[in-house]
Novice: 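Supplied in structure tokens, the structure appears directly below.
Protein chains get the first letters and strands the later ones, always in sequence-line order, with residue 1 at the start of each.
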Protein chains: 2
Amino acid sequence: MEQEGGIPRDSISNRVKKWISERILNGTYPPGHRLVELQIAHELKTSQGPVREALRELEASGLVESEPFKGTRVRQVSAREMQEAYQVRAFIEQHAAELAAFALRDNTSRLQSEIVAAHEAAEKGDIETFSRHNAVFHRQIVEASGNSILLRFWDALQFEIRSQVILSQEKFSPLEGEKLHQAIIDAFRNGNGKLAGRLLRKHLLGFADTIDSTHEASWVHAGRKSSTG
Amino acid sequence: MEQEGGIPRDSISNRVKKWISERILNGTYPPGHRLVELQIAHELKTSQGPVREALRELEASGLVESEPFKGTRVRQVSAREMQEAYQVRAFIEQHAAELAAFALRDNTSRLQSEIVAAHEAAEKGDIETFSRHNAVFHRQIVEASGNSILLRFWDALQFEIRSQVILSQEKFSPLEGEKLHQAIIDAFRNGNGKLAGRLLRKHLLGFADTIDSTHEASWVHAGRKSSTG
DNA sequence: CGAATATCGATTATCGATAATTTATTATTT
DNA sequence: AAATAATAAATTATCGATAATCGATATTCG
């Protein structure tokens, strides 16, 4: 049985949550934007309760922040925090790679197919699709580590990071990254988790270094480019 | 201006949250125990809303879990998950130690005082106090790393772990750990973050290894001992 | 004029009631 | 008696209304 309009089969608060995060991630609601419970409730033809619940969950995941009696706003992630996030991601993945070495040995076809898909998207200039496949590639490694807590943290970071896309046009050189990705896959195929880990770490820390305070205003929100810089 | 009864100056939902987590952590609500919104609301002379909100926040922090329309229960943490948590904690702290090397060089007095306090508590057999100081010791290292995301993850882990205290009586040998702690402090004093990191990692992974499935039923809830084993 | 205070509009926090859903119980059929 | 269906009880999810608090503006007093 299918629903008609919006997002199907889910509690209202969940639908609200998706609706809001979509708008945050695609830049409709920019950092600092105020989210008024009753206003959103009215817009979505529901009541305050589910909206409030959705906002609280988004707060837990770091996408918005709220103060008692003052309300909720889309969170502004500082350049510093962004760097920290990438540093943490770097060593999460390094560690995951070492743990995943056994599981991925001679078992890299799924990794490979993500890289292929990412490559195709990159050639078409489709950043959105490229990013998705790229993310899946990295996530698969953490998944293969077999440590669910590691994966939970990785997901949390990824979600938080997504709100501030890091691919400013100048830095977007997927071709270079591609060689590295291939090297990582090769390392896994040979069962060399240590090497794969080192490569991943280097890759991500390099990314972190490209984030500086001058970027803060010139980040690209998924979809549209903001030429605030 | 002081309140009279319970916990002062906080939103109701926050007070409810503290009230519930207290009961989970001290074993009043054991794993699997069902938490009924209206029942708790009635017991605390409030309404469903704040209780629901509190439960959702506790879910986000991993202390309880809930399914749509089926309700909320105190989460049972498996031995496996516990091991994973300690593994993650181990390498978080290892990494933090390396980052903290500079900040802690010739600046270990606060670490030292926690160890002293922990030692005193241990001699008195006061596990509760020992654990607290021990936790602060480790947390200070992560704090000194200067990476707030790392600290956030560490806090999340710590909170989750707290619900299943790991110091079963047999394994409670603080004296052995003490030497290690001292060695860690010495390493920091000499600015040797790598060494401190290795020691921390070894310490924590050793801990993780003592957790096996036979422990699952014999964990000690903070405060009272459950001789379920 | 300027500081402190009262008032108003907007919004969050909480409440009590109702709808939707699950779980348990009873009735019905074979 | 076992399996299935119908009903009832319990609980979560949502709603609409009220209370509490914030921020801004107007007002009073020195």
Side-chain angles (χ1 to χ4, degrees), chain A residues 1-21 23-24 29-75, chain B residues 1-21 23-24 29-61 63-76:
Chain A
M1 216 176 286
E2 281 279 55
Q3 244 84 351
E4 32 167 355
I7 308 120
R9 196 128 294 287
D10 230 342
S11 70
I12 294 183
S13 80
N14 254 318
R15 275 182 286 179
V16 174
K17 187 168 108 180
K18 284 178 187 166
W19 188 88
I20 296 175
S21 54
R23 282 178 145 63
I24 294 177
Y29 292 158
H33 181 88
R34 185 137 178 241
L35 301 166
V36 178
E37 296 174 358
L38 279 170
Q39 182 196 303
I40 294 173
H42 185 256
E43 190 168 358
L44 293 177
K45 292 184 174 56
T46 179
S47 62
Q48 194 186 352
V51 175
R52 191 181 168 78
E53 209 168 298
L55 288 174
R56 281 290 149 84
E57 286 178 40
L58 290 175
E59 183 178 19
S61 68
L63 223 48
V64 307
E65 63 190 345
S66 53
E67 288 192 278
F69 289 107
K70 300 184 76 180
T72 304
R73 302 175 167 278
V74 179
R75 201 157 80 90
Chain B
M1 215 176 282
E2 281 280 55
Q3 244 82 352
E4 32 168 354
I7 308 121
R9 199 123 292 287
D10 230 343
S11 70
I12 294 185
S13 80
N14 254 316
R15 275 181 286 178
V16 174
K17 187 168 110 182
K18 284 178 187 166
W19 189 87
I20 296 175
S21 55
R23 286 179 178 230
I24 294 177
Y29 292 159
H33 181 88
R34 186 138 178 243
L35 301 167
V36 178
E37 296 174 357
L38 279 171
Q39 182 195 303
I40 293 174
H42 185 256
E43 191 168 359
L44 293 178
K45 292 183 173 56
T46 178
S47 62
Q48 194 186 353
V51 175
R52 190 181 169 79
E53 209 168 299
L55 288 175
R56 282 289 148 84
E57 285 177 39
L58 290 175
E59 183 178 20
S61 68
L63 224 47
V64 306
E65 62 190 346
S66 52
E67 288 193 277
F69 287 106
K70 300 184 75 183
T72 305
R73 305 178 165 275
V74 178
R75 200 157 81 89
Q76 167 71 271

Novice: What is the distance, rounded to the nearest whole Å, between atom CG of B:Asp10 and atom C1' of D:dA20?
Specialist: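 Spelled out: CG on B:Asp10 to C1' on D:dA20 is 15 Å.
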Novice: Give every pair of a protein N or O atom and an N or O atom of nucleotides 5-11 of chain D that lie under 3.5 Å apart, one pair per line with the distance.
Specialist:
| residue | atom | partner | partner atom | Å |
| --- | --- | --- | --- | --- |
| D:dT11 | O3' | B:Arg34 | NH2 | 3.2 |

Novice: C:dA13 C1' sits how many Å from B:Glu57 CD, rounded?
Specialist: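 The distance from CD of B:Glu57 to C1' of C:dA13 comes to 13 Å, rounded to the nearest Å.
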Novice: Side chains of B:Leu55 and B:Leu35, heavy atoms from C-beta outward: is any pair under 4.5 Å?
Specialist: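 Yes, their side chains come closer than 4.5 Å.
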Novice: Below 3.5 Å, can you tabulate the donor-acceptor pairs from side chains in residues 58-65 of chain A to any protein atom, sequence neighbours excluded?
Specialist:
| residue | atom | partner | partner atom | Å |
| --- | --- | --- | --- | --- |
| A:Glu59 | OE1 | A:Ser66 | OG | 2.9 |
| A:Glu59 | OE2 | A:Ser66 | N | 3.3 |
| A:Glu59 | OE2 | A:Ser66 | OG | 3.1 |
| A:Ser61 | OG | A:Leu58 | O | 3.1 |

Novice: Test of understanding: with side chain to side chain contact (heavy atoms under 4.5 Å, CB included), list the residues that count as partners of B:Gln48, not counting sequence neighbours.
Specialist: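 Partners of B:Gln48 under the side chain to side chain contact (heavy atoms under 4.5 Å, CB included) test: B:Glu37, B:Leu38.
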Novice: What residues form a salt bridge (Lys or Arg N to Asp or Glu O under 4.0 Å) with A:Glu53, not counting sequence neighbours?
Specialist: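 A:Glu53 satisfies salt bridge (Lys or Arg N to Asp or Glu O under 4.0 Å) with B:Arg52, B:Arg56 only.
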Novice: Residues from residues 42-54 of chain A sitting under 4.0 Å of DNA chain D, heavy atoms only?
Specialist: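 A:Thr46, A:Ser47, A:Gln48, A:Pro50 - these, ordered by number, are the residues of the stretch whose heavy atoms sit under 4.0 Å from the strand.
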Novice: In chain order, what residues pass the side chain to side chain contact (heavy atoms under 4.5 Å, CB included) check against B:Arg73, with sequence neighbours excluded?
Specialist: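 Side chain to side chain contact (heavy atoms under 4.5 Å, CB included) check on B:Arg73 returns B:Arg34.
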Novice: Measure the distance from CG on A:Asn14 to P on D:dT12 and round it to the nearest whole Å.
Specialist: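 Atom CG in A:Asn14 sits about 17 Å away from atom P in D:dT12.
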Novice: Provide, to the nearest angstrom, the distance between the CZ atom belonging to B:Arg73 and the C1' atom belonging to C:dT23.
Specialist: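 Taking atom C1' of C:dT23 as the reference, CZ of B:Arg73 is at 12 Å.
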Novice: Not counting sequence neighbours, list each pair that qualifies as a ring-ring contact (aromatic ring centres under 6.0 Å, His included) and has a residue in residues 34-63 of chain A.
Specialist: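 Output for this query is empty, none listed.
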Novice: Taking CD from A:Glu59 and P from C:dT12, how many angstroms apart are they, rounded to a whole number?
Specialist: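 That distance rounds to 13 Å.
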Novice: What is the separation between atom NE2 on A:His33 and atom P on C:dT11, rounded to the nearest whole Å?
Specialist: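 Those two atoms, NE2 and P, are 12 Å apart.
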Novice: NA contact type, B:Arg56, heavy-atom cut-off 4.0 Å: base, sugar-phosphate, or nothing?
Specialist: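 Sugar-phosphate contact only.
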Novice: Is A:Arg23 positioned over the aromatic face of A:Trp19, cation under 6.0 angstrom from the ring centre and no more than 45 degrees off axis?
Specialist: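 Because its charged atom sits under 6.0 Å from the ring centre and within 45° of the axis, A:Arg23 does stack over A:Trp19.
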Novice: Under the ring-ring contact (aromatic ring centres under 6.0 Å, His included) rule, what pairs show up with a residue in residues 50-71 of chain A, not counting sequence neighbours?
Specialist: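 Matches after skipping sequence neighbours: none remain.
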